[in-house]
There are 2 protein chains.
Amino acid sequence: MDNFSALPLVVLAEKFAALPGIGMKTAQRLAYSVMEMPEEQAVEFAEAILNAKHQIHDCPVCQNLTEQDICSICGNPKRDRSTICVVEGPKDVAAIERTHEYQGLYHVLHGLISPLDGIGADQLRIAQLLSRIQEGGVEELIMATNPSVEGEATAMYLSRLCKPLGVRVTRLAFGLPVGGVIEYTDEVTLNRALVNRSEM
Amino acid sequence: MDNFSALPLVVLAEKFAALPGIGMKTAQRLAYSVMEMPEEQAVEFAEAILNAKHQIHDCPVCQNLTEQDICSICGNPKRDRSTICVVEGPKDVAAIERTHEYQGLYHVLHGLISPLDGIGADQLRIAQLLSRIQEGGVEELIMATNPSVEGEATAMYLSRLCKPLGVRVTRLAFGLPVGGVIEYTDEVTLNRALVNRSEM
């Protein structure tokens, strides 16, 4: 923001610009919009940031974000405790829950193994996953990490680690997206769709 | 946001979604990104909102946003005090300052006359503009409101009000944008460009 603008406005715009996907132009527009808010609304916004930060912690069981002692999924007696879906982050839990089909539990790794970024297995919540398995009752781990190099490597690593503990380890299916067009599908996806073809 | 998510996260996402141009999907992404911030950074973000709101007020002269007693433009002895550029909002001041050409002062109306939205002349900072003119030394008012119905109506209204006070009232030029293509220019703009043609 230009240096003739009020300094606190410049500072606020910089904070917005630090958020993912927010460029400097949008950040300036958002900073101005805060100026146009009623005082009360701005205070509520600031409090919402602090509350989210202070009241939310990781669920001690699945490591997903929650403001309760144990998250609402782990605490729900109707969920199937024999299946754990292993995901990279809380956003993946939200995406899978939106299907309204999955009835098992989750385990949030909070990252993927990525040697290039200096992230090793010890920086993920793998120890917590192992102790959940060792407590017993877990029959299947569904690896629901992204189909990226890091996602595949992490799924493979966990599979080798957990299979000896006597659990079934499965991977999300890859193939044509529903509504997709074969003509425009990339060759890797199309190859997966061919390899994983099913009987009609 | 889905109701299984942590409540403070839902509240924060709603605050982001209340900002202009931020949809619910982006708001959720931003709320998650606040969760991923270091504690210190989140606190700074919340403080930036409160500081912008508490430390910034309208300059008593030009009504632009400032954290000083008098804004840096009104307080700059090098600016030409005989010319006042009248704009709708602080964003317009920022846009015109970016040209680095204009050396006069500004007057921020904080809106435009818009009977349909119930905004009359008495809700704008017109009285403050009149007293600046009555204090003397002002030779020209440049009407720099948008070329919209409200912008034109406000410029026209102020022109009629201020001309009798002995000041020259001018309007920003309208015509082809620099780099524009005649073929794709709308007919209203093209007509303005024809009517306001200049000698070569």
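Here B/L30 is the residue among B/L30, B/V11, B/T26 with the most heavy-atom pairs under 4.5 Å with chain A.
In the hydrophobic clustering of ILVMFWY residues, with side-chain heavy atoms under 4.5 Å counting as a link, A/M156 and A/L161 come out apart. Under a hydrophobic-cluster definition in which Ile, Leu, Val, Met, Phe, Trp and Tyr are linked whenever side-chain heavy atoms come within less than 4.5 Å, directly or via other members, A/L12 and A/L19 are assigned to the same cluster. Under the 4.5 Å side-chain heavy-atom criterion for Ile, Leu, Val, Met, Phe, Trp and Tyr, B/F16 and B/Y32 are members of distinct hydrophobic clusters. Cluster membership for A/L165 and A/V86, using ILVMFWY side-chain heavy atoms within less than 4.5 angstrom, is shared. In this structure, A/V93 is not a member of the same hydrophobic cluster as A/I70, with clusters built from ILVMFWY side-chain heavy atoms closer than 4.5 Å.
Under a cut-off of 6.0 angstrom, the local environment of CZ in A/R81 is crowded, with over 12 non-hydrogen atoms contributed by other residues, nucleotides or ligands. The environment of CG in A/D69 is sparse: at most 12 heavy-atom neighbours from other residues, nucleotides or ligands sit within 6.0 Å. When the shell of 6.0 Å around NZ of B/K91 is examined, it contains more than 12 heavy atoms from other residues, nucleotides or ligands.
By a heavy-atom distance cut of under 4.5 Å, B/S33, B/V34, B/M35, B/E36, B/M37, B/P38, B/E39, B/Q41, B/A42, B/V43, B/E44, B/F45, B/A46, B/A48, B/I49, B/L50, B/N51, B/A52, B/K53, B/H54, B/Q55, B/I56 are the residues of residues 33-56 of chain B near chain A, going up by number. Inspection of non-hydrogen atoms places no residue of residues 109-120 of chain A under 4.5 Å from chain B. Below 4.5 Å, heavy atoms of chain B meet no heavy atom from residues 121-140 of chain A.
Every side chain to side chain contact (heavy atoms under 4.5 Å, CB included) that B/L172 has, sequence neighbours left out, goes to B/I142, B/A144.
Of all non-hydrogen atoms in B/E67 and A/A6, the two that sit nearest each other are OE1-CA, 3.2 Å.
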